[in-house]
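In what follows, chains are A, B, ... by sequence order, proteins preceding strands, each numbered from 1. When reading the values below, keep in mind they use all heavy atoms of this one structure, side chains included, and skip hydrogens, waters and symmetry mates.
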Amino acid sequence: MAMKLVVIGAGMASGRLLEQLFEAGFAGTVTLFNGEPRGNYNRLMLSPVLSGEKSYDEIITHDDAWYGAHGVACRFAEQVTRIDRERKVVVSKGGETPYDALVIATGSAPFIIPVAGKDLPGVCTYRDLEDTNAMIAASTPGAKAVVIGGGLLGLEAAAGMAARGAEVTVIHLMGHLMERQLDPSAGYLLQKDLERRGIRVHCKGATKAILGKDRVEAVLLEDGTVYPADLVCMAVGIRPEVRLAVDAHLEVARGITVDDRMRTSDPAILALGECVEHDGQLFGLVAPLYDQARVLAQTLLGQPAAFCPVETATRLKVTGVDLFSAGDFADGPGREDIVFRDPGRGVYRRLVLEGARLVGAVMYGDTADGAWFFDKIRSQEDVSAIRDALIFGPAFAAGGPAANPLAAVAALPPEAEICGCNGVCKGRIMQAVEAGAQSLDAVRALTKASASCGSCTGLVEQVMALTLGDGFRTATNPPMCRCTDHMHEDVRRLIRAQGLKTIPAVMQELGWTTAGGCASCRPALNYYLLADWPLEYRDDRQSRFVNERNHANIQKDGTYSVVPRIWGGVTTPAELRAIADAADRYGVPMVKVTGGQRIDLLGVKKEDLPAIWADLNAAGMVSGHAYAKGLRTVKTCVGSEFCRFGTQDSTGLGIRLEKLLWGSWTPAKVKLGVSGCPRNCAEATCKDIGIVCVDSGYQIGVAGAAGMDVKETEALCTVPTEEEAMEVIAAFVQLYRENARYLHRIYKWVAKVGLDWCRAQVVEDLASRRALAGRFRLGQSVSQADPWADLSAPKERSQWAPLADLSLEAAQ
Amino acid sequence: MIWIDVGALEDLPRQGARLVKTTAGCVALFRTVADRVFALDDRCPHKGGPLSEGIVHGDQVTCPLHAWVFSLETGMAQGADEGAVRTFAVKVEAGRVLLDAGRLAKQAAA
């Protein structure tokens with residue numbers, strides 16, 4: 001008779017167990033109970049869901065179809081209330097379900113600190129999708145959230161809510177963040193990084209009470225500090241969920257006691273996951289749980305297997321924060337430290353040696369070599385021979401080429417673990433690639449490498465790159481292009497630090513591997529040099545994309561479109577006549593009004609461009625830069641001049657802003673809007689920079705988008721006068737010009753550096769604002785020349801025509 | 001071969017291109033950073049993009065429409081893309097650019 005298997009809990013551990021069973025051809029029937037009203041999803045990815053980087057649908061690991069295909073009887077949203085060991089049944093509200101074998105996978109429950117107010121509405125934990133959704137709902141811009149607990153989960157919750165615009169405070173009992181994984185120095189760097197993102201951190205803070213009448217209002221600490229809060233998330237730890245086991249009189253210590261084969265004290269009942277205790281140890285990270293799933297599956301199938309916990313490494317899943325820790329790094333007799341610091345780059349590395357062996361590693365800021373150190377810890381090999389250069393990682397210690405970031409991965413042996421969550425080693429990934437998996441998705445599907453928490457994605461890609469050679473491009477944190485190993489940010493930094501002022505100089509000094517770069521890096525370098533050395537660098541037209549080189553937009557048939565600047569969207573009958581005359585004279589097939597309050601002449605032949613420009617110039621019009629990574633339009637409404645609701649002269653301000661900003665080159669296009677009142681007829685709140693006028697002044701918002709992504713602007717500041725608004729905007733644009741990577745729109749850049757950082761530079765720090773605005777004006781002193789006038793000059797005209805016309809001669 | 005003088009080398013921008021109109025369509029003349037000159041059809045086999053408006057890097061050009069990369073020497077598409085552009089013989093003598101009209105004429109006739 002087929003075995004009747006009952007599983008309590010549909011989490012990641014039991015999900016992996018079922019996969020293993022079905023892969024091995026398990027012939028029994030499975031009934032799966034789950035307290036949550038859904039099946040298994042990737043709990044590790046709740047943080048990206050919280051921050052908005054992923055949706056719930058993307059993190060489902062087993063859907064209804066999967067359960068259906070494998071004949072699993074799903075009993076979701078149904079709690080098992082009792083186990084009757086004598087009659088071998090479990091009891092739930094649906095009645096009794098008999099089992100031959102029972103698996104308890106009830107996981108863990110968040111620890112609730114026993115303080116007054118802990119049950120108020122607005123207090124949540126961080127465990128499942130309901131908690132995540134509660135935090136998403138509460139994280140409206142400006143809402144105040146307090147996270148109690150500065151460990152892995154607490155910090156991911158804090159970063160996620162902050163990413164959604166909430167003002168977040170983290171209260172941590174210990175002296176530094178993540179004290180179980182990090183030493184004080186790395187904890188300090190982490191705190192600084194979080195504070196730069198606008199997250200307040202309060203260490204050595206003991207929660208005394210949660211205050212509030214009908215719902216949470218504030219958190220009171222023992223030292224008397226009060227933090228106002230619309231939401232409180234408790235993330236102070238977890239404890240095994242063992243109630244069913246205790247009631248059934250199974251042997252329970254802190255967790256349900258299991259042997260090497262994952263059996264409890266009742267041989268018909270097995271357990272795995274966060275609810276078990278093995279050899280005195282509890283488990284919270286996913287890698288050992290997956291190992292338990294494998295062992296338990298083999299036990300059920302009657303195969304020999306034994307669970308043997310191994311070292312695990314930790315990474316924090318907060319976008320932009322890079323930390324790694326593995327092994328044991330507490331001080332102790334016979335232990336020695338090797339420490340490396342580079343405060344300028346925010347890099348910290350600490351290795352802990354015991355005798356000739358590496359026992360612990362903490363890395364912050366640059367964790368590329370983490371896997372290599374982790375491998376040294378696990379292999380317990382004698383490192384005394386390479387101790388001199390050990391801290392610099394495999395590139396030096398293993399004698400490899402120093403400048404190659406792939407060297408660290410190349411130096412790993414095939415059995416080195418790459419994906420800790422799924423226990424996938426380097427050799428397995430290489431096999432998968434050699435068997436035809438050419439993309440990251442294919443490798444994930446075949447090996448599960450990087451398919452859980454995803455933090456090893458970069459490593460997996462590097463292994464793929466090594467195996468595939470030149471045929472592979474990485475997707476995350478990639479170098480600028482295939483001509484260099486440097487990332488955009490590094491190139492910008494080095495251009496300034498080394499005073500590099502020409503494209504050839506950059507390529508020479510930074511070790512470009514190609515002779516003349518490529519179509520990807522050359523425009524970026526040209527922009528970086530223009531932005532950094534406005535008075536010295538001469539624009540390289542041949543390093544521009546066609547539209548910027550020809551100062552017009554190429555169309556699919558090779559003709560161009562011509563858009564003159566119409567300042568603030570305000571034109572005159574004379575200008576309109578000149579545009580109409582030009583359209584007639586050059587046989588323009590389409591005249592179209594654009595979304596940016598201008599007029600587009602479409603279908604102009606290349607050789608006619610200088611002439612049509614000259615005609616428009618003669619009527620007083622200049623290029624609208626509709627083709628440029630630069631200022632495009634400033635859209636306005638009519639404002640107080642005509643509109644009965646207008647509070648300020650929005651049209652006039654728009655024109656003045658356009659006159660201030662036109663001609664400047666920026667990393668990507670920049671569009672502005674100015675609305676005269678909060679009715680916002682100029683749609684200013686989805687622009688790169690948008691101003692909404694109010695009675696008391698000017699609300700400046702930035703980082704909006706209305707293209708592939710749609711996003712509302714975020715409030716930068718409100719200022720009382722036009723002059724101040726113009727200076728803040730000039731400073732903000734300059735900050736963007738100096739710091740963003742090429743082709744990143746403002747909203748992408750702000751998401752990376754944080755609005756608070758921008759605000760500190762251009763709003764709060766007046767000296768910084770003035771300096772930025774000053775540098776912007778300096779750049780404008782040379783960039784505000786109409787390119788159409790320059791290029792339609794008689795000596796330039798010949799270049800727009802063919803070099804020779806042989807069609808006439810041949811026809812004769 | 002019938003060499004036709006189509007212009008001065010100095011009229012070709014370094015890392016740039018100029019067009020020559022012929023009865024067989026437009027031919028793009030490219031000049032590399034090392035002053036080598038190449039002649040190719042000004043038509044990307046992908047969607048007809050004008051290669052003369054692409055960015056020239058090394059002995060290659062990237063099409064301005066969808067970034068296909070071609071070898072100026074062989075006309076072959078590089079990387080994962082498949083396709084080729086016709087090439088024409090061209091040489092520089094005494095600062096003048098000479099294009100082989102024989103091949104052009106043959107194509108016009110064909």
Side-chain contact, heavy-atom cut-off 4.5 Å: [X] with [Y]?
X: B:Leu99; Y: A:Leu806; result: yes
X: B:Val33; Y: A:Pro504; result: no
X: A:Arg549; Y: B:Glu53; result: yes

Item to check | Result of checking A:Cys518, A:Pro523, A:Ser543 against B:Ile55 for side-chain contact (heavy atoms from CB on, under 4.5 Å) | outcome: A:Pro523
Item to check | Minimum-distance pair of heavy atoms, taken over all atoms of B:Gln15 and A:Gly516 | outcome: NE2-O, 4.3 Å
Checklist entry - Which atom names give the shortest non-hydrogen contact between B:Val6 and A:Leu803, and what distance separates them? => result O-CG, 3.4 Å
Contact class of [X] relative to chain B, heavy atoms under 4.5 angstrom:
X: A:Lys556; result: backbone
X: A:Arg541; result: neither
X: A:Ser798; result: backbone

Top contributor to chain A contacts, counting heavy-atom pairs under 4.5 Å, from [options]:
options: B:Gly48, B:Ala34, B:Gly54; result: B:Gly54
options: B:Leu65, B:Val20, B:Thr62; result: B:Val20
options: B:Leu19, B:Leu12, B:Val97, B:Asp11; result: B:Leu19

Within a 6.0 Å radius of atom [atom1] on [X], are there more than 12 heavy atoms belonging to other residues, nucleotides or ligands?
X: A:Gln508; atom1: CD; result: no
X: A:Glu536; atom1: CD; result: yes
X: A:Lys501; atom1: NZ; result: yes

Next on the checklist: Using only atom types and a distance under 3.5 Å, with no angle test, would you say the side chain of B:Arg18 pairs donor to acceptor with the backbone of A:Ala801?
Outcome noted: yes
Item to check | Sidechain-backbone polar pair: A:Arg522 side chain, B:Val56 backbone, donor-acceptor under 3.5 Å | outcome: yes
Item to check | Spacing of CG belonging to A:Asp557 relative to NZ belonging to B:Lys47, to within rounding of 0.5 Å | outcome: 14.0 Å
Checklist entry - From A:Asp805 CG over to B:Lys21 NZ, what is the distance, rounded to the nearest 0.5 angstrom? => result 5.5 Å
